[in-house]
Amino acid sequence: MHYEGDHIIRPPSEAHSIILQVTVGCSHNRCTFCGTYKEERFRLKDEAIIAEDLAFAARHCRRQRRVFLADGDVLILPQHRLVSLLTAIRAQLPWVNRVSLYANAKAIRAKSIEQLQELKGLGLDRVYLGLESGHDPTLAAINKGADSSAMIAAGQRVRQAGLFLSVTALLGIAGATDSLAHAEATGRVLSAMAPNQIGILTLMLLANTPLHAEAQAGRFCLPDQAGMLRELRVMVEHLNLARGQLMSNHASNYLPINARLPRDKAAVLATIDQALAGAVHLKPEYLRAL
Ligand code: SF4
């Protein structure tokens with residue numbers, strides 16, 4: 001497979017997927033906490049290279065039933081490119097039963113529900129959307145490129161098209177000062193988006209990011225471990241989903257959680273309380289990673 005750029009990232013639940021890189025970088029690339037594609041100019045990969053990778057996967061990846069389309073923002077491609085890509089995947093990898101991608105709110109809202117339904121009909125199954133926070137001052141401060149109402153509209157559009165929606169939120173992203181306001185707003189916005197799956201990550205400051213520079217200058221301060229847990233508690237407290245999965249199994253988190261909501265909500269809150277009381281083992285700092 002031809003991978004370009006320094007980082008090929010994928011969600012934890014795509015660990016066993018065929019990673020087919022279609023774009024390089026992220027079309028937005030302005031989030032202050034994200035260092036993944038900072039040195040990368042966003043571009044579409046050459047169609048001939050993608051065709052070679054598909055042919056490689058057809059020969060060598062017959063046991064992998066899922067495809068993840070990398071990099072940061074494949075849904076930003078014009079509809080006709082996505083249609084021909086999904087058609088080619090279906091023709092050449094007929095055993096694949098799930099195709100997923102990352103998308104931002106702008107890319108989702110640039111597609112109509114009918115266009116998203118067309119992509120679903122061609123095999124697209126799952127959209128991963130980074131919300132990070134539902135707190136508007138925080139979304140503005142981190143240059144996310146969308147406010148909470150745009151995020152809710154994007155999430156609802158994905159769900160209305162019948163696609164599986166997985167949304168990530170980021171503990172610590174509002175700093176210590178706005179921690180609990182961020183937690184409460186994020187719980188509420190996630191509830192309005194009604195995702196099938198919520199992934200909670202914990203912010204780790206990366207040296208090549210503006211947010212790291214802010215922290216170095218003393219203008220941004222991460223909550224401590226107990227602060228992160230309190231933030232998680234308030235976020236979960238404000239989550240009201242008819243049905244969904246809540247996961248904090250990413251390597252950046254102190255406390256792993258894998259729960260069904262609303263069924264397990266009380267149990268999750270009780271576990272967080274135990275962790276705050278020191279009765280649950282937390283991941284040591286040196287084992288945390290991105
Ligand atoms: S949209 Fe995602 S990939 Fe792009 S800069 Fe923001 S966090 Fe990074």
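We count ligands from 1, going down the list as the structure has it; atoms in each ligand are counted the same way. Since we're looking at a predicted model, the values are computed, not measured.
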What do you reckon, does N104 put a non-hydrogen atom under 4.0 Å from ligand 1? no
So, taking the atom named CD1 in I257 and the one named CD1 in I198, what distance separates them when rounded to the nearest 0.5 Å? 11.5 Å
Quick one: look up the protein heavy atom nearest atom 8 (Fe) of ligand 1 and list residue, atom name and how far away it is. C34 SG, 2.4 Å
Enumerated ligand 1 atoms positioned under 4.0 Å from heavy atoms of Y37: 3 (S)
Donor-acceptor contact below 3.5 Å, side chain D136 vs main chain S148: yes
Taking a cutoff of less than 4.0 Å between a non-hydrogen atom of the residue and any ligand atom, is Y102 in contact with ligand 1? no
How far is atom 2 (Fe) of ligand 1 from its nearest protein heavy atom, and which residue and atom name does that atom have? K144 NZ, 4.1 Å
In the protein, what heavy atom is nearest to atom 5 (S) of ligand 1, and what distance, to one decimal place, separates them? N29 CA, 3.5 Å
Indicate if the distance from atom 6 (Fe) of ligand 1 to the nearest N, O or S atom of C31 falls below 2.8 Å. yes
How far apart are the C-alpha atoms of F42 and T23, what are their side-chain angles, what is the distance that settles it, and do they pass the side chain to side chain contact (heavy atoms under 4.5 Å, CB included) test? CA-CA 7 Å; F42 179 71; T23 62; 3.7 Å; yes
Hey, does the side chain of R10 reach the backbone of I19 with a donor-acceptor pair shorter than 3.5 angstrom? no
Using heavy atoms and a threshold below 4.0 Å, how should the contact between C26 and ligand 1 be classified: side chain, backbone, both, or neither? side chain
V22 side chain near L44 side chain, heavy-atom distance below 4.5 Å: no
E14/R98 salt bridge by N-O under 4.0 Å criterion: yes
